[in-house]
Amino acid sequence: MTVQNAEIADRFEQLADLLELQGANPYRVRAYRNAARFIRGHSRSLAEMLGEGADLAELPGIGADLAGKIATLVRSGRLPLLEQTAKKVPAPLVEMTRIEGLGPKRAQALYEALQIRSLEDLARAARSGRIRELPGFGARTEQLIAQRVERAATAEHRLRLADAEQVARPLVAYLRGIAGVKDVEVAGSFRRRRETVGDLDLLVSAARGAKVMDRIVRYEEVAEVQAQGSTRATLRLRNGLQVDVRVVPAAAFGSALHYFTGSKAHNIAVRRMAMARGLKLNEYGVFRGQRRVGGRTEAEVFAAVGLPVIPPELREDRGEIDAARRGKLPKLVRLEDLRGDLHCHSRATDGRDTIEAMARAAAGRGYEYLSINDHSRHVTVAHGLDRKRLLEQIRAIDRLNARLGGITVLKSVEVDILEDGRLDLPDGVLKELDFTVCAVHYGFGYGRARQTARLLRAMDNPYFSILAHPTGRLINSREAYDIDLERVLEAARERGCVMELNAQPDRLDLDDRGCRLAKEMGVRVAISTDAHRVADLDLMRFGVDQARRGWLEPGDVVNTLPLAELRRVLRR
DNA sequence: GCCGTTTTCGGCCCGACTGTTTTCAGTCG
């Protein structure tokens, strides 16, 4: 059993929480959190790196001590310090700090003075009015705790980016309509195009903040105003989403935009560079002593520290600052670089629209080609195609291409990978296609070795072209199936196979780290919508967002290629 | 616990808001 990066990160985060409750050196706590964040976002498996004899202490934020702890964890599955610390820190304390507004100090006070041992105890204590009697607490705090314990019980997931857009769009329009407001941007993870967002960070420039604030908190979707000052307000909308709004003067909009776009780790690194140059950088601008030397635009902020503008999608402190400093920032793929969509369904199986309607819609989006990838027979619920029906579809597409102008419909399929790694249709029909998209749709629970072997075997088939949604995860609802992604990528490179980045907002699979790993390992990616209707073709931009977060450039993405070259790449 | 153009010790980002306080601790981002 290989220990995954996410597990290592989880353990370090748990340890950080416990150490914080113990009143440990805050910088030591931060060191664990920083390491956890790096490990979670790192594309390569630390366990495998160790297996290859790598020195983990060379990784940023990981020194000799943490490298040793990771080695122990990988070898034994255990983190002794975590086990020891967990024995000393009562579990209810940890639970209480998950409540907004309760940090280590207040949780400790509640635990000791009121013998709170569970969130139920906490809710009871709040209702009975005992919390307000503690020093440092009052009636207001007590009331908030009562509300927030309630909410914690029905805690929501982070919102998928596409859903967050639905909330953000009308809110931004409302803000733009307020008198005195100049610029409005959604910053934070939304601007970095993360696949999910925990809250919305809205940045507004206006001369008179307090007046604008009064209007903002009256937005009709606001359920609760959690904080309101003259420059900042925290709101909770009716749908449960938290919104932070900041108002800054126009002269500081760029520095504020940079600051509130984050990520936090990226900001800290940039701020450090500013300090090294004798500058002070905060949300109000770039300063040399008392004198402001920039901040109206983000470009000014980056220029002040001697960097080109780093695209928001890269701002995760995953090497982008170093790349920028060396002039090696990737020229990220853009929506307009794409020449076609390589995974679409039609009415023949579970799609809603005809092949012709899909093709015309794709032509209308400026595409040069579009492929039709209906399911194969194993997916009975979708009335998957057997050999005979697929052959008929092939002939129908030939006839369609003969009369369609301006776009080429590619003949393909989304063929199931069976449990033993065979494909669900005979080679005799697969060879009639332009290429194949191959997918796992069942048997998600196989162990890592079996699942990996299944994919490798499938890729041995000479007609295997693209691995669809390679990990099978569904954001907020289904874990990725257990595969050794590095081995799969290695096999893909050897065999000339391509990985899909499925652009469905609940898939985005490969994810950003997977894309980056594919790129590093020399495997190309197809960004595809998996469209089941014409409107789904517009989901492509979410795939592009994720690809950009994965550092992909046009040359890493097969569907930026002109048709003739694409055919060459997909024909193994 | 990490790290190094202030380099192996002594720093580590820092401002806003709230609630309970009469000047600030706690929390958050």
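Chain letters run A, B, ... following the sequence lines, proteins first, then strands; residues in each count from 1.
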In whole angstrom, give the distance that lies between atom [atom1] of [X] and atom [atom2] of [N].
X	N	atom1	atom2	result
K280(A)	dC13(B)	NZ	C1'	11 Å
I268(A)	dC12(B)	CD1	P	12 Å
K69(A)	dC2(B)	NZ	P	8 Å
R236(A)	dG29(B)	CZ	P	10 Å
R33(A)	dT27(B)	CZ	P	12 Å
L19(A)	dC2(B)	CG	P	13 Å
R272(A)	dG4(B)	CZ	P	9 Å
Q22(A)	dG1(B)	CD	P	12 Å

request  = Measure the CD-CZ distance between E95(A) and R117(A) for me, rounded to the nearest 0.5 Å.
outcome  =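 If we round to the nearest 0.5 Å, E95(A):CD and R117(A):CZ are 12.0 Å apart.
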ask   = What distance do R148(A) atom CZ and R236(A) atom CZ have between them, rounded to the nearest 0.5 Å?
value =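 One gets 7.5 Å once the value is rounded to the nearest 0.5 Å.
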task = In sequence, state the C-alpha distance, the side-chain angles, and the governing distance for T196(A) and R158(A), and then conclude on side-chain hydrogen bond (donor to acceptor under 3.5 Å, both in side chains).
result = CA-CA 6 Å; T196(A) 59; R158(A) 287 172 63 89; 2.8 Å; yes
With a 4.0 Å cut-off on heavy atoms, is [X] in touch with a base, just the backbone sugar-phosphate, or nothing at all?
X	value
L281(A)	nothing
F12(A)	nothing
P26(A)	nothing

Among [options], which is the nearest nucleotide to the side chain of [X]?
X	options	answer
K105(A)	dC12(B), dC14(B), dT27(B)	dT27(B)
M275(A)	dC13(B), dG15(B), dT27(B)	dC13(B)
A31(A)	dC2(B), dG29(B), dG15(B)	dC2(B)

Span that lies between the [atom1] atom of [M] and that of [N], in whole angstrom:
N	M	atom1	result
dG19(B)	dC13(B)	C1'	25 Å
dT23(B)	dC14(B)	P	27 Å
dA16(B)	dT22(B)	P	23 Å
dT6(B)	dC12(B)	P	14 Å
dT8(B)	dC3(B)	C1'	9 Å
dT20(B)	dG26(B)	P	14 Å

inquiry  = Using the side-chain hydrogen bond (donor to acceptor under 3.5 Å, both in side chains) definition, which of the options K331(A), R334(A), K519(A) pairs with E553(A)?
reply    =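 Passing option: K519(A).
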task = Sort out for me which residue in R318(A), E316(A), E320(A), R271(A) forms a side-chain hydrogen bond (donor to acceptor under 3.5 Å, both in side chains) with H266(A).
result =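 Running side-chain hydrogen bond (donor to acceptor under 3.5 Å, both in side chains) over R318(A), E316(A), E320(A), R271(A) with H266(A) returns exactly one hit, E320(A).
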Residue pairs passing the ring pair (Phe, Tyr, Trp, His ring centres under 6.0 Å) test where at least one lies in residues 56-105 of chain A, sequence neighbours excluded =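 Not a single pair qualifies under ring pair (Phe, Tyr, Trp, His ring centres under 6.0 Å).
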request  = Say whether T471(A) and R473(A), considering side chains only, have a donor N or O and an acceptor N or O under 3.5 Å apart.
outcome  =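 No.
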task = Test side-chain hydrogen bond (donor to acceptor under 3.5 Å, both in side chains) on R78(A) and S76(A) and set out the steps.
result = CA-CA 5 Å; R78(A) 300 179 55 186; S76(A) 66; 5.6 Å; no
task = For dC13(B), take OP1 and OP2 only and decide whether either is under 4.0 Å from a side-chain N or O of Y27(A).
result =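 False: Y27(A) side-chain N/O out of range (4.0 Å or more) of dC13(B) OP1/OP2.
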query = Has K264(A) got a side-chain N or O lying under 4.0 Å from the OP1 or OP2 atom of dC14(B)?
reply =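 No, because none of the side-chain N or O atoms of K264(A) sits under 4.0 Å from OP1 or OP2 of dC14(B).
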task = Could you note down all residue pairs passing salt bridge (Lys or Arg N to Asp or Glu O under 4.0 Å) where residues 246-259 of chain A supplies at least one of them, sequence neighbours left out?
result =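 Matches after skipping sequence neighbours: D201(A)-R246(A).
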message = Under a 3.5 Å cut-off for both contacts, is dA16(B) paired Watson-Crick or G-U wobble with anything, and if yes, with which nucleotide?
response =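 Its partner is dT27(B) (Watson-Crick or G-U wobble, both distances under 3.5 Å).
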Please produce a list of atom pairs where a protein N or O lies less than 3.5 Å from an N or O of nucleotides 17-21 of chain B.
| residue | atom | partner | partner atom | Å |
| --- | --- | --- | --- | --- |
| dC17(B) | OP1 | T231(A) | N | 3.2 |
| dC17(B) | OP1 | T231(A) | OG1 | 3.0 |
| dC17(B) | OP1 | R232(A) | N | 2.9 |
| dT18(B) | OP1 | Q228(A) | N | 2.4 |
| dT18(B) | OP1 | Q228(A) | O | 3.2 |
| dT18(B) | OP2 | Q228(A) | O | 3.4 |
| dG19(B) | OP1 | R140(A) | NE | 2.4 |
| dG19(B) | O3' | T141(A) | OG1 | 3.0 |
| dT20(B) | OP1 | G138(A) | N | 2.2 |
| dT20(B) | OP1 | G138(A) | O | 3.1 |
| dT20(B) | OP1 | A139(A) | N | 3.3 |
| dT20(B) | OP1 | T141(A) | OG1 | 3.2 |

key: Test side chain to side chain donor-acceptor pair (under 3.5 Å) applied to E52(A) - qualifying residues, sequence neighbours left out   =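 Scan of E52(A) (side chain to side chain donor-acceptor pair (under 3.5 Å), adjacent residues dropped) gives R44(A).
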query = Under the 3.5 Å rule, do the base of dG29(B) and the side chain of D199(A) count as making a donor-acceptor pair?
reply =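 Flag unset: no donor-acceptor pair detected.
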request  = Output the residues of residues 299-308 of chain A in contact with DNA chain B, where contact means a heavy atom of the residue under 4.0 Å from an atom of the strand; sort by number or write none.
outcome  =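 Residues of residues 299-308 of chain A under 4.0 Å from DNA chain B: none.
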Donor-acceptor list for residues 207-225 of chain A side chains, cut-off 3.5 Å, not counting sequence neighbours:
| residue | atom | partner | partner atom | Å |
| --- | --- | --- | --- | --- |
| D214(A) | OD1 | Q228(A) | NE2 | 3.2 |
| R218(A) | NH1 | D214(A) | O | 3.3 |
| E224(A) | OE1 | R151(A) | NH1 | 3.3 |

First encountered from the 5' end of DNA chain B, between E283(A) and I62(A) =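 Final value for this comparison: I62(A).
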Pairwise 5' ranking along DNA chain B for A67(A) and Y259(A), keeping only the more 5' one =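 Counting from the 5' end, the first nearest nucleotide belongs to A67(A).
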